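What follows is a single structure, written as structure tokens, with notes after it.
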Amino acid sequence: VYKRQNPSTGEVIALAPQCTADEVESAIAAAKAAYPAWADTPVSKRVQVLFKMKTLVDKHLEELTYLLAMEEGKKWEEAMGDILKVNEVVEFACGAPHLMKGESLMNASKGYDTVLYHHPVGVFAGIAPWNFPAMIPHGWMTPICVATGNCMVLKAASFVPQSSMRLMELWQEAGIPDGVINVLTAGRQEAEILLKHPDIAGVSFVGSTKVGQHIYSTASANGKRVQALCEAKNHALVLRDCKVERTARGIINAFCGCAGERCMALPAIVVENAVADELIGYLKRFAAEMKLGPAVEKATHMGPVVNQGHKEFVLNWIQTGIDEGAELIVDGRNPEVPAGCENGFFVGPTIFDHVTEDMSVGREEIFGPVLCIKRVDSFEEGLAIMNASRFANGSAIYTQNGYYAREFAKRTDAGMVGINVGIPVPLGIFGFTGHKQSFFGDLHVMGRDGFAFFTETKVVTNTWFSEEEETTGK
């Protein structure tokens with residue numbers, strides 16, 4: 001079993017099972033057995049389960065928020081947002097009767113009609129990360145999968161299994177048939193089965209780039225469709241004409257929100273020298289105002305990171321920045337925390353100035369509340385630095401100049417772009433469109449890509465003979 005700790009206090013709060021290879025095989029077999037009947041269920045009836053799921057998530061919102069904040073460490077508001085993002089995609093997936101409609105052309109050739117249908121594919125595997133234990137497995141991965149008639153074997157993150165397991169109970173209460181969704185916790189060796197198993201048609205993954213590359217190459221080599229969403233080092237370009245105080249508040253939220261543990265965080269900003277010192281003054285002030293504390297308390301501004309191992313990982317990156325010569329202007333090591341949280345896994349807001357491109361701290365994903373400031377003299381210099389990154393998940397620009405905003409949107413390599421928006425995550429009706437080494441695959445999660453990933457097309461051409469043609473053969 002896995003021991004799970006409350007990251008706010010360090011106390012053990014749960015034990016999670018570590019599934020064996022036989023149990024993983026059993027989950028796949030259950031999904032395979034459930035697939036024919038579920039795929040044959042009319043789509044209008046399948047989405048009735050999703051409508052019910054939406055009402056159950058709303059009904060249990062406070063309970064789910066508390067559970068997620070307790071086990072993952074997101075502050076209350078962020079934990080609730082994680083849960084609500086489940087319903088955002090559930091609501092979108094309820095449009096499956098419309099979004100699965102095909103195409104047709106009468107008399108495509110004389111006397112011949114052609115119809116294109118969208119069909120379910122089979123059994124999918126979802127391999128979820130720990131940083132969004134509700135939104136990603138039960139929002140990005142599951143609703144569109146089951147709405148389109150497929151079945152899911154979902155590997156929940158072992159660090160944070162309780163939220164996913166509770167949501168699985170709500171799927172059952174909503175009426176999902178046995179075997180259509182299967183949730184398990186397992187190690188990497190057991191998860192490897194999902195990448196090679198002949199009864200798995202596709203894999204949806206969110207996690208590190210190293211693991212994502214392995215999943216993409218292994219699963220695709222075994223004939224599976226794959227979407228692998230991976231690391232990021234999102235940058236924002238801050239121009240001299242920005243609204244400085246408002247920009248600083250947006251940046252603080254973007255790099256400290258969720259304790260920096262999100263692939264759409266803002267861990268680096270590229271700032272024109274003309275405004276850098278003024279902006280830094282605001283950033284220091286706002287960072288000092290951040291109140292760290294228990295994730296479940298609504299007055300907390302920022303919760304802990306997920307566990308001791310990740311805390312040490314972030315602290316090591318801070319030391320790396322110091323060793324590389326970056327100027328540490330806000331030090332989040334050993335932050336002040338309230339009584340009862342002394343054994344929690346807290347890292348406070350941390351800011352480096354004068355970060356250059358030869359420093360790994362400014363290039364690699366840290367996944368913590370650490371901001372790297374890179375100074376430039378112009379828009380073109382800043383954009384060139386941003387586009388040199390091997391990642392291309394999100395990017396942002398802070399400016400009041402429409403020309404530069406448009407140029408940035410057109411020329412940035414990132415797949416999700418914010419204009420005066422630090423975290424440009426799209427709604428579920430759009431795709432989550434990372435590029436470069438932030439994504440491996442062809443079809444992204446959510447949006448129309450999501451429906452295309454979980455369906456395959458079939459084109460039927462037909463003709464019918466008149467009585468004369470039947471007798472004459474003409």
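Quantities reported herein were computed from a predicted structural model and do not represent experimental measurements.
- For the pair E88/L427, a side-chain contact is recorded, criterion being any heavy-atom separation below 4.5 Å from C-beta on.
- Between H444 and F439, the gap from one ring centroid to the other is short of 6.0 Å.
- Between E364 and K233, no side-chain nitrogen of the basic residue sits less than 4.0 Å from a carboxylate oxygen of the acidic one, so the salt-bridge criterion is not met.
- Ion pair E63/R166 flagged as a salt bridge, since at least one NZ, NE, NH1 or NH2 atom sits closer than 4.0 Å to an Asp/Glu carboxylate oxygen.
- For H119 and T455, the side-chain atoms include no donor-acceptor pair closer than 3.5 Å.
- Annotation: cation-pi geometry not satisfied between R4 and F159 (NZ/CZ under 6.0 angstrom from ring centroid, within 45° of ring axis).
- S8 is not listed as a side-chain neighbour of E71, based on a closest heavy-atom distance of 4.5 Å or more.
- T412 and S395 share a side-chain donor-acceptor pair at under 3.5 Å.
- Between T65 and W76, the closest side-chain pair of non-hydrogen atoms falls below 4.5 Å.
- Other residues, nucleotides and ligands contribute more than 12 heavy atoms inside 6.0 Å of the NZ atom of K436.
- Within 6.0 Å of the CD atom in E103, the count of heavy atoms belonging to other residues, nucleotides or ligands does not exceed 12.
- In this structure, K74 is positioned above the aromatic face of F132, its NZ or CZ under 6.0 Å from the six-membered ring centre and within 45° of the axis.
- Of all the heavy atoms in A31 and N182, the pair that sits closest is CB-ND2, 3.6 Å.
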Please walk me through it: do S204 and Q227 pass side-chain hydrogen bond (donor to acceptor under 3.5 Å, both in side chains)? CA-CA 5 Å; S204 182; Q227 50 183 198; 2.8 Å; yes
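- Taking a 6.0 Å sphere around CD of E342, one finds it holds more than 12 heavy atoms contributed by other residues, nucleotides or ligands.
- With 3.5 Å as the limit, one finds a donor-acceptor pair spanning the side chains of N150 and T148.
- Counting heavy atoms of neighbouring residues, nucleotides and ligands inside a 6.0 Å radius, atom CZ of R411 exceeds 12 of them.
- The residue from F313, F255, W317, W130 that alone fulfils the ring-ring contact (aromatic ring centres under 6.0 Å, His included) condition with F367 is W130.
- Residues R249 and E245 are paired through a salt bridge, judged by an N-O separation under 4.0 Å between the basic side chain and the carboxylate.
- Surrounding CZ of F286 are more than 12 heavy atoms belonging to other residues, nucleotides or ligands, all under 6.0 Å away.
- Side-chain contact between P267 and I366 is absent, with no heavy atoms from C-beta onward closer than 4.5 Å.
- Using a 30° and 60° split on the angle between ring planes, F451 and F92 fall in the perpendicular class, above 60°.
- No hydrogens or angles considered: nothing links the side chains of E169 and H60 as a donor-acceptor pair under 3.5 Å.
- Screening V305, V306, V314 against F345 for a side-chain contact (heavy atoms from CB on, under 4.5 Å) leaves a single residue, V305.
- Inspection of the D113 and N107 side chains reveals no N or O donor paired with an N or O acceptor under 3.5 Å.
- Residues E261 and H310 meet the side-chain proximity criterion, which asks for heavy atoms closer than 4.5 Å.
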- request: Take F124 and C151, measure what side-chain contact (heavy atoms from CB on, under 4.5 Å) needs, and give me the verdict at the end.
  value: CA-CA 6 Å; F124 282 81; C151 294; over 6 Å; no
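- When only modelled atom types and interatomic distance are considered, H197 and E25 share a side-chain donor-acceptor pair under 3.5 Å.
- Residue Q189 places its CD atom among 12 or fewer non-hydrogen atoms of other residues, nucleotides or ligands, all under 6.0 Å distant.
- For CZ of R406, the number of neighbouring non-hydrogen atoms (other residues, nucleotides, ligands) closer than 6.0 Å is 12 at most.
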